[in-house]
Amino acid sequence: MKKIHHEFTAPNSRAGIQKRKVLIADDDETSRRVFGHFVSKMGYEAIMVNDGRECVQAMAEESPDVVLLDINMPVLDGFEVMQHAKSQNDTTPIIIITASHEIPSAVKCIKLGAYEYLTKPLNIDRLEIVMRNALQDSSLQSQVKMLKKELKSCKLFENIIGKSPAIKAAMTQAMQVMETGLNVLILGESGTGKELFAEAIHRGSRRSSGPFVSVNCAAISSSLADSILFGHAKGSFTGAGSDHMGYFEQADQGTIFLDEIGDMGSDIQAKVLRVIQERKIRRVGEKQERKTDFRVISATNRNFNDAIRDGQFREDLYYRLEEFPLFLPALRERPEDIPLLCRHFLDEFSSANNLGKITMSDTALSASENHRWPGNIRELKNAVQRAAVTRKDDVIETLEPNIIPGSMKPAYAPPALLPPAAEYGLQPSDSPDTNSYSLEEHEREAILKAYKAALGNLTKTAGILGIGRATLYRKLDKFGLEYLKTG
């Protein structure tokens, strides 16, 4: 496609500001050049094409801010260009410039969404006013659209607490996929909020008026799987006293959430794959198939690479589920959200149990940021609730270690600064002699050893030491090791 870019630097234009793009589609070369000249003098970038097909292609590739469109063009005419733009939900303002003075043509253009209908010979002053108004209206519509999207996001994710870049990135991805029909596979550690994200995606989808059916795949036994997932007919087996609608059929016109899909039995996976492919189910005891329309959102904390390699999960089913993967960050990867979550869980628990106003000290909040929280949000919530029950006054000074299972050692208990055994390449003989080192020297030496073992990766260094990244940064400053931050 031959496109001509024509630019003219207006006397009052400011350097560094990107010009608005104006796409000019006209099969008459003289008209194109005249319009391009005046558009450039107005301070815009003119992009010129010869016919309707090139116009459609340029609208997709160049993302113009406004289009000046002729009606009578080869290949595709102006009407067909506008119909295509409408089918693609393209809201770029289109200004018709044509030699035709026929009223039916003007009416048809307006119905197809044209911003304005101008006839040749063209009044350039009129064109400038129309273009300026079109750009202003387009800018306002974009701002309104963005505000609506932000409001929708706030409403959909109202149960998800956090402002960190990691959790915002996950929300953005969820917003991008929710209005499509793609199956979503949510990946993340246990307790990271996978079901909350699944519900948010459903509520923001075109299926929001339909049911959201949640299924715990790990709890389905092989003997009952067919009945639970696909349903059964009355009398089909002993105890089947009535017809039963399975989960997939219950999700018709809505969403089925297959939680812990990685723990689904291998004998069930083939049947689930067929239902997802065919969108048909057959109840136990029936011969006919029933059509059902559903969207699949699944979740797991398992490593699918290992499961597929070991023959525990079907690769073809995995690719059906993973049309759009969504990764949820572990709580340790979003430490700035931990104080927000602590306060939220504390206020929620206090209100539900009439405990009055309870707060957490800065020390307790800081300690909570440094804990790795292997159980993620679920573990944090339990710890906060237990601390609220066992507090001595209205201020929680610490999350007591003895009320958290011993297998989940918090970072605010005296941490072992060196990793156990030689897991990270450290030998016992590498540890400093505590009899000849002060505590600070011991700690500084431990940081250097861990940094070396982690090959200069500060996140891994903090993990080896059992402390949070923020705490590691403070210690680097304290011990004169700031240079490690830059690798």
Side-chain angles (χ1 to χ4, degrees), residues 152-153 155-160 162 166-220 225 228-230 245-265 268-281 291-304 307-308 313-330 376-378:
K152 180 179 180 181
S153 177
K155 184 177 180 180
L156 292 174
F157 298 109
E158 59 185 354
N159 295 323
I160 299 172
I167 200 66
K168 282 188 174 181
M171 291 180 186
T172 298
Q173 285 187 307
M175 288 288 291
Q176 290 170 338
V177 75
M178 62 177 50
E179 293 185 6
T180 72
L182 294 176
N183 294 332
V184 181
L185 175 60
I186 305 177
L187 301 165
E189 296 179 6
S190 179
T192 50
K194 294 189 285 292
E195 185 162 2
L196 290 177
F197 267 85
E199 290 176 349
I201 292 172
H202 169 71
R203 292 199 307 271
S205 73
R206 288 172 288 186
R207 297 174 176 270
S208 57
S209 59
F212 177 81
V213 180
S214 180
V215 183
N216 184 351
C217 297
I220 300 177
I228 292 173
L229 294 175
F230 315 125
M245 183 184 294
Y247 284 134
F248 278 97
E249 196 174 351
Q250 292 175 32
D252 187 39
Q253 303 301 314
T255 302
I256 184 167
F257 175 52
L258 301 176
D259 196 12
E260 305 298 346
I261 185 68
D263 296 320
M264 176 179 282
I268 309 173
Q269 293 173 26
K271 299 175 182 178
V272 170
L273 173 63
R274 182 181 179 278
V275 169
I276 293 176
Q277 288 176 328
E278 303 295 333
R279 289 300 196 268
K280 295 177 182 178
I281 60 100
K291 289 185 178 181
T292 182
D293 179 25
F294 53 83
R295 182 190 194 176
V296 178
I297 301 178
S298 51
T300 186
N301 58 9
R302 292 195 63 184
N303 185 320
F304 270 125
I308 292 172
F313 201 87
R314 294 180 63 105
E315 188 173 9
D316 47 4
L317 175 56
Y318 166 74
Y319 286 117
R320 281 287 176 179
L321 300 172
E322 186 252 5
E323 291 179 344
F324 189 94
L326 176 62
F327 300 90
L328 298 191
N376 292 293
I377 298 172
R378 194 175 297 125

Report yes if the side chains of [X] and [Y] come closer than 4.5 Å at any heavy-atom pair, otherwise no.
X      : Y      : answer
Val215 : Phe248 : no
Phe324 : Thr180 : no
Ile186 : Thr192 : no
Leu326 : Ile297 : no
Leu258 : Tyr247 : no
Lys271 : Leu229 : no

Can you give me the closest heavy-atom contact between [X] and [Y], atom names plus distance?
X      : Y      : value
Ile268 : Ala225 : CD1-CB, 3.4 Å
Phe294 : Ala251 : CB-O, 3.7 Å
Ala200 : Phe157 : CB-CE2, 3.7 Å
Arg274 : Lys280 : NH1-O, 4.3 Å
Phe212 : Ala198 : CE1-O, 3.8 Å
Ile201 : Met178 : O-CB, 3.7 Å

When you measure from the side chain of [X] to the backbone N and O of [Y], does any donor-acceptor pair fall under 3.5 Å?
X      : Y      : value
Asn376 : Arg378 : no
Glu260 : Ala218 : no
Asp252 : Asp293 : yes
Ser208 : Gly204 : no
Arg203 : Leu156 : yes
His202 : Val213 : no
Lys194 : Asp259 : no
Arg314 : Gln269 : no
Glu249 : Thr292 : no
Arg279 : Lys291 : no

Open item on the list: Applying the side chain to side chain contact (heavy atoms under 4.5 Å, CB included) criterion to Val296, which one of Ile261, Val184, Asn183, Val272 satisfies it?
Closed with: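 The single option meeting the side chain to side chain contact (heavy atoms under 4.5 Å, CB included) with Val296 is Asn183.
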Open item on the list: Checking Met264 against Ile220 for the side chain to side chain contact (heavy atoms under 4.5 Å, CB included) test, could you report, in this order, the C-alpha distance in whole Å, the side-chain angles of both residues, the deciding distance, and whether it holds?
Closed with: CA-CA 8 Å; Met264 176 179 282; Ile220 300 177; 5.5 Å; no
TODO: Nearest 0.5 Å please: distance from the OG1 atom of Thr300 over to the CD atom of Glu189.
DONE: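 Result: 12.0 Å between the selected atoms.
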Open item on the list: Is the distance between the ring centroids of Phe313 and Tyr318 under 6.0 Å?
Closed with: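 So the answer is no for these two rings.
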